[in-house]
Amino acid sequence: MQNTFKKTIHLELTTKCRLECPKCDRTIALDKGTLVNTDMPFELVEKYASNDEYSKFTLCGSFGDPIYYPRFLDIIKTFKDNNKTVDIFTNSSGKKLDWWHELFSMLDPNDKIWFGIDGLEDTCGMYRVNFTEKDFHFAMQLMKIARHEYGLNPIWIFIAFRFNEHQVEEAKMRAKEIGIDFCLRKSSRWDKNDNLMPTNKNLISIKSIV
Ligand code: SF4
């Protein structure tokens, strides 16, 4: 019998980002002076996009945020022209509204856009260094547009920290108000006596080695 199982593939499109989250591998490399600013060759991404073996592409960044890939919209078009599903993980800052409209118009309800926002307007930049209150309000607007104007699936992904643990319920409520899903992420990346670690043990991953 022919194997029709299709694979998901995770691509790291770029090492670019405008934020400097302290526990991100990119920031660690930046601090050590070992970060190489680079992008995947467009032709290589195209090759993956047209490969029948893969049905879904996760565009996430351990070393960069995918939206800063220089030809991000072109590559999304290529994925969609090849009937692929995409999961985009982003901090969502630094792009204009027109750019987002163009992106949203290419996506469909099977795709997901994960907006990484760790806090509310007064805390969102405490871990996501360079992410501002203005970026927060813009991200809320974008998730609303994606959901209500384009029928897409934006998801607010919120990592619990000590500085935002008191805001989890409020954030869930705001997500509900704008009709989007909320995903609470419990991190395991804690050092001993880490002052970013939530005090509420229920907000810490059981994998944590603290
Ligand atoms: S937004 Fe993502 S890629 Fe950018 S610094 Fe933060 S964790 Fe790293």
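Nothing fancy with the numbering, it's 1 onward along the sequence. In listed order, ligands and their atoms are each counted from 1. FYI, side chains are in, hydrogens and waters are out, and symmetry mates aren't considered; it's all heavy atoms of this structure. Since this is a predicted model, take the numbers as computed values, not measurements.
With 3.5 Å as the limit, one finds a donor-acceptor pair spanning the side chains of Asn91 and Tyr68. Judged purely by distance below 3.5 Å, without hydrogens or angles, the side chains of Asp65 and Thr90 pair a donor atom with an acceptor atom.
Contact annotation for Arg128 and ligand 1: only side-chain heavy atoms (C-beta onward) come within less than 4.0 Å of the ligand. If you look at Cys21 next to ligand 1, the close heavy atoms, those under 4.0 Å, come from the backbone and the side chain alike.
Here is the list of ligand 1 atoms found below 4.0 Å of a heavy atom in Leu19: 1 (S), 5 (S). Close contacts between ligand 1 and Cys17 involve ligand atoms 1 (S), 3 (S), 4 (Fe), 5 (S) [criterion: under 4.0 Å to a heavy atom]. Counting the atoms of ligand 1 from 1 in the order shown, those under 4.0 Å from a heavy atom of Asp65 are 3 (S). Atoms of ligand 1 lying under 4.0 Å from at least one heavy atom of Gly64, given by number and element, are 3 (S). Distances below 4.0 Å separate heavy atoms of Asn91 from the following atoms of ligand 1: 1 (S).
Residue Phe115 is tested with Ile155, Leu142, Ile157 for a side chain to side chain contact (heavy atoms under 4.5 Å, CB included); the sole match is Leu142.
The closest protein non-hydrogen atom to atom 8 (Fe) of ligand 1 is Cys24 SG, 2.3 Å.
Ring orientation note: the planes of Phe158 and Phe182 are tilted relative to one another, at an angle of 30° to 60°.
By the 6.0 Å contact criterion, CG on Asn193 is open, its count of non-hydrogen atoms from other residues, nucleotides or ligands being 12 or less.
Between the Asp31 side chain and the Ile28 main chain, no donor and acceptor come within less than 3.5 Å of each other.
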